[in-house]
Peer 1: 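Take this structure, written in structure tokens, and hold onto it; I'll ask about it next.
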Amino acid sequence: MLKGKHLIDLNEFTTDEVDEILELADKMVKNPLDYCEIAKGRILATLFFEPSTRTRLSFEAAMLRLGGQIIGFSSPDASSTSKGESLSDTLRTVAAYADIIAMRHPKEGAPRLGAKFIDAPIINAGDGGHQHPTQTLTDMLTIKSIKGTVSGLTIGVCGDLKFGRTVHSLIKAFSRYPGNKFILISPQELKIPQYIKTQVLEKNNIEFIETEKIDEVMGDLDILYMTRVQKERFFNEEDYIRLKDSYILDRDKMAMAKEDMIVLHPLPRVNEISYEVDEDERACYFKQVEYGMYARMALIAKLLGVDK
Amino acid sequence: MLVVEGVKNGIVIDHIKAGKGIEVFNLLNLGEADFHVALIINAQSKRLGKKDMIKVDNVMDLNLDLLGLFDPNITINVIENEKVTSKINLKLPQRVKNIIKCKNPRCITSIEPYIENEFELLDQESCEYRCVYCDEIYKIEK
Ligand SMILES: [Zn+2]
């Protein structure tokens with residue numbers, strides 16, 4: 001039962017619970033109108049102590065499509081925090097108005113703190129560089145919908161694997177299902193943290209390889225998950241110049257991939273995927289945005305307990 | 001020579017680093033005890049040169065876990081009928097509140113002073129704790 005739970009870290013949900021959300025989301029994708037009134041009379045508060053228009057709109061669209069209503073703010077100046085109010089006081093106040101809360105906060109652990117003070121379900125919509133569980137649910141739903149499964153896949157993750165939290169949670173999530181294999185593609189400076197290798201991959205006997213070159217592995221992938229590589233992350237200019245083009249996905253690289261490989265990206269992109277790739281049927285990052293809304297719809301419905 | 005009577009039934013917390021006895025005393029909240037407690041500072045020690053000790057009479061069930069966190073070299077003897085009947089091996093507590101402070105400047109505990117710093121033990125062997133808010137790792141130095 002997910003009713004009344006908080007979603008702070010996706011790892012705190014069992015695999016069954018995650019599957020339950022994905023299954024409901026799948027039904028919503030197929031018959032959205034069947035669910036357009038289930039949250040009638042309920043209010044979602046979107047508390048964005050740090051702006052993130054995409055994520056906020058996704059939550060708001062999700063609640064509106066369930067027939068519910070929304071309140072909230074989208075920057076810290078709009079909240080009382082700018083007047084020195086504590087986070088717990090803000091949350092307790094909002095909990096008096098809303099049935100469920102989606103919060104984004106620049107400080108890590110902020111939603112965990114909220115969960116200590118209020119009963120209404122809190123959804124972590126991103127806490128600093130820490131967790132962003134609804135992005136992971138989005139990625140899972142996209143893969144499940146397009147590939148028909150979340151097991152037995154060869155998943156390439158490419159770009160900034162050191163600081164990219166979406167990649168870390170993606171790996172954690174897919175390590176819970178059998179037969180998945182990872183190909184970790186990044187420059188030396190931006191390799192995956194050691195703890196992901198030992199605590200997540202090796203611990204679960206997940207096969208993985210690390211490489212700097214995307215070309216060599218392109219043909220093996222079922223999924224290519226791209227992330228941004230920022231110039232300032234490199235230690236020296238030379239490495240940046242040497243590697244910068246090898247992490248830009250273009251038509252030539254796509255030509256090396258399987259016909260049913262799919263490309264995902266948490267967006268926004270800067271230049272890591274050429275616009276020419278957008279026309280390729282395998283480019284699924286805009287579909288991913290749509291699945292993100294359905295994943296949030298299913299999550300809200302489950303936490304409110306209105307999914308029947 | 002200062003004489004402190006022996007413990008009949010109770011515990012002796014020994015080999016506390018000299019000067020740290022008062023901290024251990026406060027950690028265990030012994031100032032509020034309604035039983036006999038002796039804090040001995042700068043006792044002679046073969047092992048440490050000087051050491052502090054705490055003797056507690058008639059109480060066996062103090063929460064000693066915190067001591068493992070404070071200094072794993074401390075030894076604890078259980079006394080029954082004036083004889084040492086067992087030694088307690090210090091273990092790190094599963095959860096600690098307000099003893100370790102999170103060092104992550106991005107952690108919510110850095111800006112909301114009313115919340116307790118709270119850590120959960122990750123690994124007894126490597127002495128690692130994890131901040132329950134931001135997952136920052138804290139290693140206890142032996
Ligand atoms: Zn912390």
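Chain letters run A, B, ... following the sequence lines, proteins first, then strands; residues in each count from 1. Keep in mind it's a predicted model, so treat the numbers as computed, not measured.
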Peer 1: Mind listing the closest non-hydrogen atom pair of A/Arg112 and B/Val132 along with its distance?
Peer 2: NE-O, 3.2 Å
Peer 1: Decide yes or no for A/Glu108 and B/Asp135: does some side-chain heavy atom of the first lie under 4.5 Å from some side-chain heavy atom of the second?
Peer 2: no
Peer 1: Atom CG of residue position B/Asn26 - does it have more than 12 heavy atoms of other residues, nucleotides or ligands inside 6.0 Å?
Peer 2: yes
Peer 1: Using a 6.0 Å cut-off, check whether atom NZ of B/Lys20 has over 12 heavy atoms from anything other than its own residue.
Peer 2: no
Peer 1: With a cut-off of 6.0 Å (strictly less than), are more than 12 heavy atoms of other residues, nucleotides or ligands near NZ of B/Lys139?
Peer 2: yes
Peer 1: For A/Glu12, does the CD atom sit with more than 12 other heavy atoms under 6.0 Å from it, leaving out its own atoms?
Peer 2: yes
Peer 1: Any idea which heavy atoms bring B/Tyr133 and A/His130 closest together, and the distance?
Peer 2: O-CE1, 3.4 Å
Peer 1: Sub-4.5 Å heavy-atom contacts with chain A: which residues of residues 104-116 of chain B show up?
Peer 2: B/Asn104, B/Pro105, B/Arg106, B/Cys107, B/Ile108, B/Ser110, B/Ile111, B/Glu112, B/Tyr114, B/Ile115
Peer 1: Can you confirm whether A/Lys162 is buried at NZ, in the sense that more than 12 heavy atoms of other residues, nucleotides or ligands lie under 6.0 Å from that atom?
Peer 2: no
Peer 1: Top residue by heavy-atom pair count (under 4.5 Å) with chain B, among A/Ser86, A/Gly129, A/Pro106?
Peer 2: A/Ser86
Peer 1: Does A/Lys197 NZ have over 12 foreign heavy atoms under 6.0 Å away?
Peer 2: yes
